[in-house]
Every structure is written in C-alpha cells, then in structure tokens.
Amino acid sequence: MRSTESAPRQPWAGGDDPHSGPARLRVVEEPDDAGIDLIALGRRVRHLRKQRGKTLEDLAGELDTVPSQLSLLENGKREPKLSQLRQLASALGVSTDDLLGAEPPSRRAALEIELEKTQRGPLYAALNLPPVRVSSRLPMDVLESIVALQRQLKARLEEQAATPEEARRANTELREEMRAKNNYYPEIEAEAAAILQAVGHDAGPLSHHIAADIAEYLGYTIRFVPRLPHETRSVTDAKHRIVYLTQGSSRDWDARSVLLQALGHQVLGHAEPADYSEFLRQRVYTNYFAAALLMPERTAVEYLTAAKHAKELAIEDLRDAFAVSYESAAHRFTNLATEHLGITCHFQKVHESGIIHKAYENDGVSFPADHSGAIEGQTVCRRWTSREVFDVEDKFRSFNQYTDTPAGTYWCTARTEAHSSGLYSLSIGVPFDHAKWFRGRDTTARSQSRCPDDPTCCRQPPQDLARSWEGYAWPAARANTHLLAAMPQGAFPGVDSTEVYEFLAAHAPVDGSGNGNGRRPGNPDDGRR
C-alpha cells in the first residue's frame, strides 16, 4: 500500500516534480450530468482537427453540420449526440474512447482546459473578473501566467478559509471514518508487519536499535541536531534520505515514535497535504503506522487475547509489555479491541480543565458535541471517569468507575499523565457487558451522568450556590489569545517553509550524496531480508 487515502493528490501525471516532468498538468474534472467533460472533449477535437490540417468548414462538411455548431462543440458549449461522437471519431481517424480520453493532448490544451474551467467555476464568478477569451491567438506565455495566477489566487483563498470551524469539521469526518472501520486499518498493519519481518523483530519491546534498523532498511539515516525548526518534531530530507531529530529529551513524546512517524509518511506514499483535512488524515495514519511497529498486531493480539481469557485486560499491562506510553497503549487497544476481541470501546484524552483533547468511540457513548458534530474542544461531564480521576489521590494505579448515562452504563479505566501544557486524563471505556473481561471490574466507584442531554447535570451550578452567589461573583478571566488566532497557514500548519528549507540547506551533505544504504520503499528486490 502506498497510501491509505482514497483519492491521492496527483498534480503531475509525469512525476512528482513539476519542473522536470512532461507537460501533462492536472485538470480538475467537472463532468456534466452525462459524464462527458465537454471542455476536454472540445479541446481534443480542435487539436485533432488541426493536426489533420482540416478547417472548421472541412470537418463540418464531413459531419453534415454547420461550422458555428462545430465551433460551439470545440469551445465546450455544446454536447454532441452519441451518433455525432461516432462520426467525429471516424472523421478524425480515432476511436470513440480516444476522443473521450481524459488526458489533454498537449500542454497548451491542458492549460486552456484549466483556464476555461476556472472561469466557469463559482470562485471566478464571485470575483466579478472579466473573462479571458481562450483561443489560439492567446500567447503561450500569457496563458501560462494567467493559469499560474489563478492557481495562486485559489490557494490563498483556500488558506484564508482554513478556519477553526473547518478544522473541527475535518476532525469530525476523520472520526466518522475511524468509527466505520472500528479504528482498524489492515493495509497499514500489513506494511508494518512486512517491515518488522524484514528487520527480524518478532517479539518484545521495539528498541531504539531496532528503530534505527528500520530506518536503515528503508534507506534512511538518522541525524540528531541541537535544534529543529519551530513547530516541528522531525524534518525529513527526502533528497538525501535523512531524518533529523532533536537531541533534547522531552516527556511529551517518544523519539522512537517520532522517527517511525516520519518514516511512515514515506512508506505510505504521502504527498504534501492539500488542506487541513488531508494533513490531519496523514497524521492519524502515520501515528497508526508507528503504533503497529511498536506494538505489532500479532504479538499484541496474542497478549490481549490471553488477558481477555483470564479476565485480566488492563491498558497499563499493554503499556508495560511493549514499553510505550499509556496513551499509546490506549490508542493501540482501540485499534485491536473490536476487530480481534469483539469489544467495542471509547477513548478520551481530557485536559484538567475538563476540555476534550482527543476522543474516539464505537460503543454508542454520547460525547458532548457542537453543531458540526465536533467533540474536541467540548467540556466533558464532571461525573465521568475522565474527570473524576483528577480528584483521586492514588495516582500510581488506574482509577476504575461505572457511570450510568442516558446511553447506558459504561465501565471506564483512567490514569493521568503530565504534559508540558498541563495534566491530562487518559481513559478507556466499554459498555457494561464488556466490563467482565477487565481487571478492575469489581470497583465500587459508581457515578450517574445526565450529560450531554441535561444541562442541570453539571454545567449549571446547584441552586443553593446560585442563590448565594449569583450577581456577587466577578472572576478575573484569563484571556486566551489563541481564541482570536486564525488557523495556521501552509501545507503543514504553523511550520515556516523558509525556515525548514534553510535548515535542510545548512545540514545537507557537502558532497550532495545521500547516505541511505537500504532499500527504497516499494522496491522489494533489494535491501536486507
């Protein structure tokens, strides 16, 4: 598998580099209701007609029509009948399939099609710009400049449209995809399994040494540097096949995970993300890829299955068995629980303020959500395990609790972990019927929540407190400046491309050669076995 995305972005049919490949540009397909791209068809007819030295009058005569009607067809403003398509193909000496082919016949034709489609689109109409007449008299350099300007304008407007609202919608769509798949991606599992087999790792925690072996097998070297560009945890030089990591240690992430996530982009064939939704999806897929290497499917399932049979399932045991963080173990449990154990579940990462940072569910639990369906950023009920755990004195062991909700009774287990941005709770929950498989099912802790349906549950103060203090309390609220900030721009949100390029230029090998000595992803015939 080169990519888990259903529609990978391919702006250049001849290669990844627009400055080196043939002149086959991307054309945004906007077929009409009949499925025929009239603009592309018209340009192809014009190209073939001129290639065969025929005038409009010549071809119109062969088709028993008038030149004006044929001109409308060539300009994409008239839909031909099936019989006319066959006549056209015969007169031009091509098959009907060739005539309807999506590939523009030349670079100029591709540019003309793109310009014509852009001018007929809603964006151009909203700008109230005068149309440019697309004809053979339009100089090539002018055509190229106009198309380039239109692309830049579209990109700038799309960047401006990248609002927090868009981010929430993208997150919601991705969570729906994860729920539909039970958060299990067999293609990524297969990629990870093949790599682990190639480097000879089949059991136990994945060491830093094995992580380096994986990078070598994939043809990459690792370099630690004192400082990386701002807002980055790693930088990959795909030209020289080098992954740069920071030398500083951080409690917020594991260096193995950061390396494996960086390699995941290469293994999964990711292109530069076109929008925030694609950026988010790529991040989820690479996180999944790293987890599948750190906690291999076969051994993790064997471990969890044995624990289930013993009725001793525990997230902390999975964490300890594979030497990963509790959060990583909890995420991995959601990947495997439904597919291999038949257990539906939900996961939450909640800040000490009560705000949901991450969430997933396929067990019917009712998370609070906004009008777009977004869960992240919402406040979770004070009665839920993910909030109650903050008040528990024993932080060494997991806190377990049953919670009665309008959607049913759930058993949850939670722990807290410190982060540079504060304290977070990490919780896994399952419906009551599945609690029998878990250690901690005998807890006596029980709570009742009417959220998110009933605001009097915990979102409104009790009446006695309200009567005493309403109108007398004036807290000095902290101004959260991030609420006023726009979404970071760029393909990689918040990352300064100039800073990244300068970093790579400063650290690139002097001789300009790469240092990778393993195989390139996608070439199974070389490299270590």
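As a basis for the values below, the full set of heavy atoms in this structure was taken, side chains included, without hydrogen atoms, waters or symmetry mates. Residue numbers start at 1 and run along the sequence shown.
Residue Thr413 forms a side chain to side chain donor-acceptor pair (under 3.5 Å) with just one option from Thr443, Thr385, Asn400, and that option is Asn400.
With hydrogens and angles left out, the side-chain atoms of Asn362 and Thr338 include a donor and acceptor closer than 3.5 Å. No side-chain N or O of His209 forms a donor-acceptor pair with one of Ser207 less than 3.5 Å apart. Side-chain contact check for His340 and Glu297: at least one donor-acceptor pair (N or O, by modelled atom type) lies under 3.5 Å. A donor-acceptor pair shorter than 3.5 Å can be found between the side chains of Gln261 and Arg233. Donor-acceptor pairing under 3.5 Å is recorded for the side chains of His265 and His270. Side-chain N/O atoms of Gln448 and Asp404 include no donor and acceptor closer than 3.5 Å. Side chain to side chain, Glu177 and Tyr185 meet the donor-acceptor criterion of an N or O pair below 3.5 Å. Looking at Gln401 and Thr403, their side chains do bring a donor and an acceptor atom within 3.5 Å of each other.
Rounded to the nearest 0.5 Å, atoms CZ (Arg450) and SG (Cys457) are 5.0 Å apart. The CG atom of Leu318 lies 8.5 Å from the CZ atom of Phe333; values are rounded to the nearest 0.5 Å. To the nearest 0.5 Å, atoms NZ (Lys181) and CD (Glu176) are separated by 14.0 Å.
Every residue two or more places apart in sequence or in another chain that forms a side-chain contact (heavy atoms from CB on, under 4.5 Å) with Ser277 is listed here: Ala170, Glu173, Asp275, Arg281.
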Q. When you look at Ile195 and Leu263, which way does the side-chain contact (heavy atoms from CB on, under 4.5 Å) test go after all the steps?
A. CA-CA 11 Å; Ile195 291 172; Leu263 295 172; over 6 Å; no
**Q.** Stepwise salt bridge (Lys or Arg N to Asp or Glu O under 4.0 Å) check, Asp237 with Lys239
**A.** CA-CA 5 Å; Asp237 177 352; Lys239 181 186 296 184; over 6 Å; no
Q. Is there a side-chain contact (heavy atoms from CB on, under 4.5 Å) between Thr221 and Val243 once you walk through the steps?
A. CA-CA 6 Å; Thr221 54; Val243 179; over 6 Å; no
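Looking at Arg241, its side chain does come within 3.5 Å of a backbone N or O of Leu218 through a donor-acceptor pair.
Under the 4.0 Å criterion applied to side-chain N and carboxylate O atoms, Arg439 and Asp317 are assigned as salt-bridge partners. In summary, Asp464 and Arg467 do not engage in a salt bridge, as defined by a charged side-chain N under 4.0 Å from a carboxylate O.
Pairing each heavy atom of Phe289 with each of Gly264, the nearest pair is CD2-CA, 3.4 Å.
Residue pairs satisfying the salt bridge (Lys or Arg N to Asp or Glu O under 4.0 Å) criterion with at least one member in residues 419-438, sequence neighbours excluded, are absent. Screening residues 318-337 for salt bridge (Lys or Arg N to Asp or Glu O under 4.0 Å) gives Glu189-Arg332, Glu327-Lys349, Glu327-Lys358 as the qualifying pairs, with residues at least two apart or on separate chains.
Atom CZ of Arg179 has more than 12 heavy atoms from other residues, nucleotides or ligands within 6.0 Å.
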